[in-house]
Amino acid sequence: MTRHVLVTGANRGIGRSIAAAFVEAGYTVSSIHRSGELPAGVHGAIADITDTAAVNAAFDALEAEHGRVEILVANAGITKDGLLMRMSDEDFETVLDVNLAGTFRCVRRATNSMLRQRFGRIILVGSVVGLMGNPGQVNYSASKSALVGMARSITREVGGRGITANVIAPGFITTDMTDELPEDTKKQYEASIPAKRFGAADEVAAAAVYLASDAAGYVSGAVLPVDGGLGMGH
Ligand SMILES: NC(=O)c1ccc[n+]([C@@H]2O[C@H](COP(=O)([O-])OP(=O)(O)OC[C@H]3O[C@@H](n4cnc5c(N)ncnc54)[C@H](OP(=O)(O)O)[C@@H]3O)[C@@H](O)[C@H]2O)c1
């Protein structure tokens with residue numbers, strides 16, 4: 001039987017490319033998403049990851065049909081940028097609730113299945129700015145750097161049960177999220193990236209497929225940058 005991978009937010013952007021890459025690689029692929037259409041071959045359940053009961057119900061429904069989740073790619077995330085002094089409590093808390101607590105809700109439910117199988121791959125989509133920081137993104141970078149601590153604590157807690165937990169840290173990738181940036185900001189970012197270009201979502205997907213593979217069974221608690229050299233591991 002093929003392994004079951006669940007990707008959150010596979011309806012667009014990086015999540016969509018990750019889900020499509022797993023379909024291409026022959027996995028059983030499902031997604032928790034709150035809107036839109038999924039790529040061909042991806043099974044879906046509607047849920048907002050800020051809602052614990054909805055997340056658990058979506059996992060239950062997808063597992064009843066397709067078997068226990070063996071690989072989780074926690075991809076869904078948002079930005080609500082603003083300078084520190086002007087950032088509202090709501091914009092700070094909303095970003096943390098989706099990017100950090102939402103990821104936690106999915107990880108907790110997925111780990112329940114993984115422990116029973118004594119196999120699991122937890123892949124958290126962080127960001128280069130979680131490591132480097134970025135003006136206007138105090139909320140977002142805090143939420144993303146926290147995923148590193150989460151992956152490392154998971155590794156220490158359940159690493160002996162065949163479960164790995166890693167973070168992919170993408171740099172600037174062309175999606176709706178970065179399309180919102182002003183043109184001159186995009187040009188400044190491009191100039192600062194050693195590769196001199198934004199990345200493509202399928203370049204992030206390739207890293208996820210690797211971390212899910214049997215070949216990556218001894219890689220855990222790591223942060224894998226996919227950033228054209230922007231972060232240099234920081
Ligand atoms: N693009 C980049 O340059 C970049 C760089 C580093 C890291 N990342 C990270 O990569 C991940 C994907 O980013 P992207 O660029 O593909 O973003 P995107 O195009 O804006 O897509 C975000 C995805 O997350 C889903 N989502 C957001 N809030 C959700 C919620 N409460 N419940 C369920 N799903 C929710 C969205 O669903 P809806 O369609 O329903 O809104 C969508 O599927 C994010 O975690 C982001 O922080 C992106």
Side-chain angles (χ1 to χ4, degrees), residues 6-21 29-39 42 44-59 62 72-81 91 93-107 109 122-134 136-137 139-148 150-151 167-181 185-186 189-190 192-193 195 197-205 207-208 223-228 230-231:
L6 188 152
V7 183
T8 62
N11 55 303
R12 62 193 171 94
I14 292 172
R16 188 176 182 88
S17 286
I18 291 173
V29 187
S30 58
S31 180
I32 290 179
H33 64 119
R34 58 175 186 179
S35 65
E37 301 283 320
L38 297 173
V42 180
I46 298 289
D48 190 306
I49 62 167
T50 61
D51 179 342
T52 300
V55 166
N56 290 342
F59 265 86
L62 290 165
L72 170 69
V73 185
N75 159 80
I78 58 167
T79 51
K80 282 193 184 291
D81 296 351
D91 282 354
E93 286 161 7
T94 304
V95 168
L96 271 285
D97 195 26
V98 175
N99 296 4
L100 180 56
T103 296
F104 161 72
R105 292 179 187 99
C106 297
V107 164
R109 176 59 183 79
I122 294 171
I123 300 164
L124 310 181
V125 180
S127 169
V128 68
V129 309
L131 308 171
M132 292 177 64
N134 201 20
Q137 293 198 308
N139 49 1
Y140 181 78
S141 58
S143 73
K144 293 299 187 180
S145 65
L147 299 181
V148 177
M150 186 185 286
V167 173
I168 296 176
F172 293 100
I173 307 298
T174 302
T175 67
D176 294 346
M177 196 177 265
T178 47
D179 281 348
E180 285 174 12
L181 294 168
T185 308
K186 279 195 219 171
Y189 284 151
E190 270 168 11
S192 67
I193 301 166
R197 65 172 177 89
F198 277 27
D202 59 7
E203 292 175 303
V204 181
V223 178
L224 179 52
V226 182
D227 65 0
L230 180 62

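Along the sequence shown, the residues carry numbers beginning at 1. Order of appearance sets the numbers: ligands from 1, and atoms from 1 within every ligand.
- With sequence neighbours excluded, the residues that form a side-chain contact (heavy atoms from CB on, under 4.5 Å) with Met177 are Thr79, Tyr140, Thr175.
- Listed by chain and residue number, the protein contacts of ligand 1 are Gly9, Asn11, Arg12, Gly13, Ile14, Arg34, Ser35, Ala47, Asp48, Ile49, Asn75, Ala76, Gly77, Ile78, Val98, Val125, Gly126, Ser127, Tyr140, Lys144, Pro170, Gly171, Phe172, Ile173, Thr175, Asp176, Met177, Thr178 (heavy atom within 4.0 angstrom).
- Remark: Phe198 pairs with Phe172 by the ring-ring contact (aromatic ring centres under 6.0 Å, His included) rule, at least two apart or across chains.
- Between Ala201 and Gly13, the shortest heavy-atom distance links the atoms CB-O, 4.2 Å.
- By the 6.0 Å contact criterion, CD on Glu190 is enclosed, its count of non-hydrogen atoms from other residues, nucleotides or ligands being greater than 12.
- For residues 94-105, the salt bridge (charged side-chain N to carboxylate O under 4.0 Å, His left out) pairs, not counting sequence neighbours, are Asp97-Arg105.
- Counting heavy atoms of neighbouring residues, nucleotides and ligands inside a 6.0 Å radius, atom NZ of Lys186 exceeds 12 of them.
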